[in-house]
Amino acid sequence: MKQAVFITGFNNWGKTTIIQELFNGQSRFYQGYYYRITGVNAEFTVETHSNDDYQGQSWNDKVQERIDNESKKDLNLFTALCPSMEDWNNFVDLLSNAPFTSYDKLHIFLIEYKWEHHAKLLIDNIKKEGSKINNVNFITINVDQNQITEQTRRAAKINKLRQELIRIFP
């Protein structure tokens with residue numbers, strides 16, 4: 001079963017940093033290579049850019065290009081996502097089209113709190129809109145809500161994400 005994982009938040013939310021930390025500090029993800037997360041039984045094509053970097057169909061095209069260059073076919077996908085609801089960049093519309101329709105399950109990790117806790121996702125609004133996608137699985141990451149320092153917040157998020165990924169990919 002081929003699955004896609006999305007680290008979700010808005011611009012400057014820490015999505016790329018989270019992805020890099022999950023992949024053992026990897027800072028560049030090359031096309032044609034696949035990557036693993038320690039303890040997670042899966043191989044991934046990784047795209048750290050989201051639809052707030054390449055908006056609308058440009059993001060889908062960017063992800064498709066990466067998939068087209070896979071050296072091993074039918075890899076899972078790991079990428080970033082902005083839960084934008086503007087007509088020209090609506091996350092539901094984007095995920096309802098290629099390349100995402102080729103995945104059996106779309107796991108959207110909602111990073112509830114921005115890295116410095118100055119902003120918070122409106123989880124219920126995102127889930128309501130996203131429920132239009134029939135193969136979606138929302139996972140809210142908010143274990144850092146009571147952490148005081150940036151370091152403990154980041155560690156709590158990463159640990160919870162790893163636990164959830166191990167559960168999804170046993």
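Predicted, not measured: the structure shown is a model, and the values here were computed from it.
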Item to check | Qualifying residues under side-chain hydrogen bond (donor to acceptor under 3.5 Å, both in side chains), relative to Arg153, sequence neighbours excluded | outcome: none
Item to check | Charged N-O contact under 4.0 Å between Asp104 and Lys2 | outcome: no
Next on the checklist: Quick check: do Thr38 and Asn24 have side-chain heavy atoms less than 4.5 Å from each other?
Outcome noted: yes
Item to check | Any residue meeting ring pair (Phe, Tyr, Trp, His ring centres under 6.0 Å) with Tyr35, in chain and number order, not counting sequence neighbours | outcome: Phe29
Next on the checklist: side-chain hydrogen bond (donor to acceptor under 3.5 Å, both in side chains) for Thr140 and Glu112? Distances and angles first, verdict last.
Outcome noted: CA-CA 7 Å; Thr140 302; Glu112 187 166 3; 5.8 Å; no
Item to check | Heavy-atom closest pair, residues Asn76 and Gln3 | outcome: OD1-N, 2.8 Å
Checklist entry - Is the centre of the Trp59 ring less than 6.0 Å from the centre of the Phe91 ring? => result no
Checklist entry - Taking only residues at least two apart or on different chains, which pairs with a member in residues 77-102 satisfy salt bridge (Lys or Arg N to Asp or Glu O under 4.0 Å)? => result none
Checklist outcome for this item: Ser27 meets the side chain to side chain contact (heavy atoms under 4.5 Å, CB included) criterion, sequence neighbours left out, with Gln20
Item to check | Counterpart residues, side-chain hydrogen bond (donor to acceptor under 3.5 Å, both in side chains), relative to Thr48 (two or more places apart) | outcome: none
Item to check | Which residues share a side-chain hydrogen bond (donor to acceptor under 3.5 Å, both in side chains) with Lys72, sequence neighbours left out | outcome: Glu43
Item to check | Any residue meeting ring pair (Phe, Tyr, Trp, His ring centres under 6.0 Å) with Tyr30, in chain and number order, not counting sequence neighbours | outcome: none
Item to check | Residues which pass side-chain hydrogen bond (donor to acceptor under 3.5 Å, both in side chains) with Glu47, listed by chain and number, not counting sequence neighbours | outcome: His49, Arg66
Checklist entry - Shortest non-hydrogen contact from Phe23 to Val46? => result CZ-CG2, 3.7 Å
Next on the checklist: Assess whether a salt bridge exists between Lys15 and Asp52, defined as any Lys/Arg side-chain N lying under 4.0 Å from an Asp/Glu carboxylate O.
Outcome noted: yes
Item to check | Set of residues satisfying salt bridge (Lys or Arg N to Asp or Glu O under 4.0 Å) with respect to Glu65, sequence neighbours excluded | outcome: none
I'd like a table of donor-acceptor pairs (distance under 3.5 Å, sequence neighbours excluded) in which one partner is a side-chain atom from residues 5-12, with atom names and distances.
{"residue": "Thr8", "atom": "OG1", "partner": "Phe109", "partner atom": "O", "Å": "3.3"}

Next on the checklist: Under the rule for side chain to side chain contact (heavy atoms under 4.5 Å, CB included), what residues qualify as partners of Asn146, not counting sequence neighbours?
Outcome noted: none
Please tabulate, for side-chain N and O atoms in residues 118-131, each donor-acceptor pair with protein atoms closer than 3.5 Å (sequence neighbours left out).
{"residue": "Glu129", "atom": "OE1", "partner": "Lys132", "partner atom": "NZ", "Å": "3.4"}
{"residue": "Glu129", "atom": "OE2", "partner": "Lys132", "partner atom": "NZ", "Å": "3.2"}
{"residue": "Ser131", "atom": "OG", "partner": "Lys128", "partner atom": "O", "Å": "2.7"}

